[in-house]
Amino acid sequence: MKSKKILVIFSLILMILLCSACSVDNSAAGTETSTPSGQNDQENTAKDAQTTSFKDSGLKGVVDGLPVPSLEGKKIGIAVVGTDHNFDRQAYQGQIDRVKELGGTPIAVDGERNDQKAIADIENLIIQKPDAIIKQLGDTKVFAPTLKKVVDAKIPLFTVDHPSEYSITNHLSDNYYIGEVLARTIFENMGGEGKVAVFNGFYGVRVVAIRYDMLKYVARDYPKIEFIEPELQDVIPGTIEDARKKVQDLLVKYPEKSGLKAIWAGWDIPSIGASQAVDAAGRKDIKVYGVDGDPAAIDLLADPNTSFAADVAQEPYKIGQSAVDSAARYLAGLQVPKSVYVEPLLVTKENAEQAKKILFK
């Protein structure tokens, strides 16, 4: 009986040791196969580049400096809503040039600021079966059905300044930062109180909507800031002249000492017209603000005698290039992030001349 008890105790001890060993093995196995938390997209791309075989173009990514595969033998569709503004032209040209640099063939189409033409352009690209399509700008809802057609045709889709559920990677500046830093600059320049007139004609364009929403969000910290209603509506085409006339009328309604201190627009072109109207009226009490870094806007900003006070400038050519880098990597089997951001630059009268050297190399 005693020997049986000893045998049972020994068996129990052996079972406990075996279970502990299994538990240790399983834990170790789990550690070996799990992905470290916090690993960023750049690390993933670098790791993929070490394990995936592709023909190297010899060029480095314009954003991350990592290798970019060749596009030799590839056709890339490039569709832009319009090229009448500096941002549009530069981002569009950046894509075309980068595809050629990487050895590919660009198929570029310009929608000429006509949504129906831009949609037809994309549908024609689908018929040509390119290896990928890059779509630049546009109203998110208007173009959603067309972008779904791209995905349904099993053509990889990338976007520039156009967040979309159908896009593999969107390429842009951080518009949350743009909206926040410009709003802070405006409200601090105003001393935390006064009236602001806002252009809000293109809320359907997601990047403009983000900038607008951040303006209103930051204003919560400045309870003495008042937004003039109704808001001004910027239009395309004829943006500068239209904005100038609307601001001329606004100045009549809000003369000096009315408290109007700032005019905001989510892009530069209406800001140019607004600044012209304010300057012509000799209104030193009003400052104008914009976004993009259009050369004409930066020239106004650099002039100490104009009302243009600050601009958050983007690097559109580089943004366009980065979209092609993502397409090349994806087609080579590398991992790409959902969004690629190119750093913007806050330009004021104090650094405008220095900014020109960075923006207009």
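What you see below is based on every heavy atom in this structure, not just the backbone, and it leaves out hydrogens, waters and symmetry mates.
Remark: T105 OG1 to I96 CD1 distance equals 12.5 Å, nearest 0.5 Å. Between atom CZ of residue R89 and atom CG of residue D110 there is a gap of 10.5 Å, rounded to the nearest 0.5 Å.
When each of D234, L215, I263, L232 is checked for a side-chain contact (heavy atoms from CB on, under 4.5 Å) with V198, only L215 meets the rule. For the side-chain contact (heavy atoms from CB on, under 4.5 Å) test with Y317, the passing option among Q95, Q90, R98 is Q90; the others fail.
S164 and L147 get closest at one heavy-atom pair: OG-CD1, 3.7 Å. The two residues H162 and D139 make their nearest non-hydrogen contact at CE1-O, 3.7 Å. Closest approach of S258 and R283 over heavy atoms only: OG-NH2, 4.5 Å. Taking both residues in full, the closest heavy atoms of E165 and K338 are given as O-NZ, 4.3 Å, listed atom of the first, atom of the second, then distance.
With respect to the salt-bridge test (charged N to carboxylate O, under 4.0 angstrom), the residues D64 and R329 qualify. Using a cutoff of 4.0 Å between basic side-chain nitrogens and carboxylate oxygens, D325 and K60 are not scored as salt-bridged. Using a 4.0 Å cut-off between charged side-chain N and carboxylate O, D249 and K253 make no salt bridge. A salt bridge links D221 to R184: at least one charged side-chain nitrogen sits closer than 4.0 Å to a carboxylate oxygen. Between R113 and D88 there is a salt bridge, since a side-chain N of the basic residue sits under 4.0 Å from a carboxylate O of the acidic one.
Between the side chains of Y217 and E180, no donor N or O sits under 3.5 Å from an acceptor N or O. For the residue pair E231 / Y212, a side-chain donor-acceptor distance below 3.5 Å is found, with atom types taken as modelled.
Judged by the 6.0 Å and 45° rule, K195 forms no cation-pi pair with F227.
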For this session: I would like to know whether K356 and D299 meet salt bridge (Lys or Arg N to Asp or Glu O under 4.0 Å); could you show each step before the answer?
Result: CA-CA 9 Å; K356 286 182 180 182; D299 282 341; 3.0 Å; yes
For this session: Please assess V160 against I319 for the test side-chain contact (heavy atoms from CB on, under 4.5 Å), listing each intermediate value before the final yes or no.
Result: CA-CA 7 Å; V160 170; I319 292 173; 3.8 Å; yes
For this session: For D161 and R206, run salt bridge (Lys or Arg N to Asp or Glu O under 4.0 Å): C-alpha distance rounded to whole Å, both residues' side-chain angles, the deciding distance at 0.1 Å, then the answer.
Result: CA-CA 8 Å; D161 250 12; R206 180 60 183 149; over 6 Å; no
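Counting heavy atoms from C-beta outward, I76 and P106 have side chains that stay 4.5 Å or more apart. Two residues are said to be in side-chain contact when any heavy atoms from C-beta on lie closer than 4.5 Å; L71 and L331 meet this criterion. Residues V196 and K261 are not in side-chain contact: their nearest non-hydrogen atoms beyond the backbone lie 4.5 Å or more apart. Put simply, the side chain of Y166 does not reach to within 4.5 Å of the side chain of T159, judged on heavy atoms.
Not one N or O on the side chain of N124 forms a donor-acceptor pair closer than 3.5 Å with the backbone of D121. Checking side-chain atoms of T185 against main-chain N and O of V181 turns up a donor-acceptor pair under 3.5 Å.
Here F158 and Y330 bring their ring centres to under 6.0 angstrom of each other.
Following chains of ILVMFWY side-chain contacts shorter than 4.5 Å, one can reach V336 starting from L102, so the two form part of one hydrophobic cluster. There is a path of hydrophobic side-chain contacts, each under 4.5 Å, that joins V68 to V340. A single hydrophobic cluster is seen to contain both L157 and V142, as judged by linkage of ILVMFWY side chains at heavy-atom distances under 4.5 Å, directly or through other members.
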